[in-house]
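Note sheet for the following structure.
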Amino acid sequence: MTLVYDDLYNNIIAKNAEKHSKLRVITGYSSGNFVNHVLDDFPNLKIEMYVGMALQGISKRDHELYRKISDNGMGEIYYVDRLPMVHQKIGSV
């Protein structure tokens, strides 16, 4: 197993984006700008994202960007709106 802690965008997202049609993300927090950046860099990639700390609030701007992404068929964004909240730090393969 390799621990990746440096240049995560290139070492994880960019390295795998061309190999897959969908990126599934489980995260505590997110930014609509970051999701748009990924989609701009990899236009053939769809995003399925679960925002685990949504009970702590999503900005109106991010929510509007997520709606636009979903409405345009570029991905699906889900909010965890019940306890327990999710703030993944580790996953398994």
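The basis for the numbers below is simple: all heavy atoms, side chains too, and nothing from hydrogens, waters or symmetry mates.
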Angle between ring planes, Tyr9 versus His37, binned at 30° and 60°: parallel, tilted or perpendicular?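 The arrangement is tilted - the two ring planes meet at 30° to 60°.
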Test item: [X] and [Y] side chains (from C-beta on) under 4.5 Å apart, heavy atoms:
| X | Y | value |
| --- | --- | --- |
| Val35 | Leu65 | no |
| Val51 | Val80 | no |
| Met85 | Gln56 | yes |
| Ile69 | Ile47 | no |

Donor-acceptor pair, side chain of Asn11 and main chain of Asp6, under 3.5 angstrom: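 Such a contact is found between Asn11 side chain and Asp6 backbone.
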Say whether, by atom type as modelled, one donor and one acceptor occur between the side chain of Thr27 and the main chain of Ser30 under 3.5 angstrom.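 Answer holds: no.
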Working to the nearest 0.5 Å, report the span between [atom1] of [X] and [atom2] of [Y].
| X | Y | atom1 | atom2 | value |
| --- | --- | --- | --- | --- |
| Lys68 | Asn36 | NZ | CG | 7.0 Å |
| Ile26 | Glu48 | CD1 | CD | 8.5 Å |
| Arg61 | Asn33 | CZ | CG | 4.5 Å |
| Met53 | His87 | CE | NE2 | 5.5 Å |
| Glu76 | Lys46 | CD | NZ | 9.5 Å |

Considering residues at least two apart in sequence or located in another chain, which fulfil the side-chain hydrogen bond (donor to acceptor under 3.5 Å, both in side chains) criterion with Ser59?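 Residues passing side-chain hydrogen bond (donor to acceptor under 3.5 Å, both in side chains) with Ser59: Asp62.
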When hydrophobic residues are tied together by side-chain contacts of less than 4.5 Å, even through go-betweens, does Tyr66 share a cluster with Leu45?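 Per the 4.5 Å side-chain linkage, Tyr66 and Leu45 are co-clustered.
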Do Val25 and Tyr29 belong to the same hydrophobic cluster, where Ile, Leu, Val, Met, Phe, Trp and Tyr are linked whenever their side-chain heavy atoms lie under 4.5 Å apart, directly or via other members?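 They do not share one cluster, since no chain of ILVMFWY contacts under 4.5 Å joins Val25 to Tyr29.
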Please step through side chain to side chain donor-acceptor pair (under 3.5 Å) for the pair Tyr79 and His63, ending with a clear verdict. CA-CA 10 Å; Tyr79 300 148; His63 177 70; 2.8 Å; yes
Going through the distances and angles, do Asn10 and Asp7 end up as a side chain to side chain donor-acceptor pair (under 3.5 Å)? CA-CA 6 Å; Asn10 287 315; Asp7 195 9; 3.1 Å; yes
Where do Arg82 and Leu55 come nearest, in terms of heavy atoms and distance?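 Here Arg82 and Leu55 meet closest at C-CD1, 3.9 Å.
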Might you point out which heavy atoms bring Ala14 and Phe42 nearest each other, and give the distance in Å?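 Shortest heavy-atom contact: CA-CZ, 3.6 Å.
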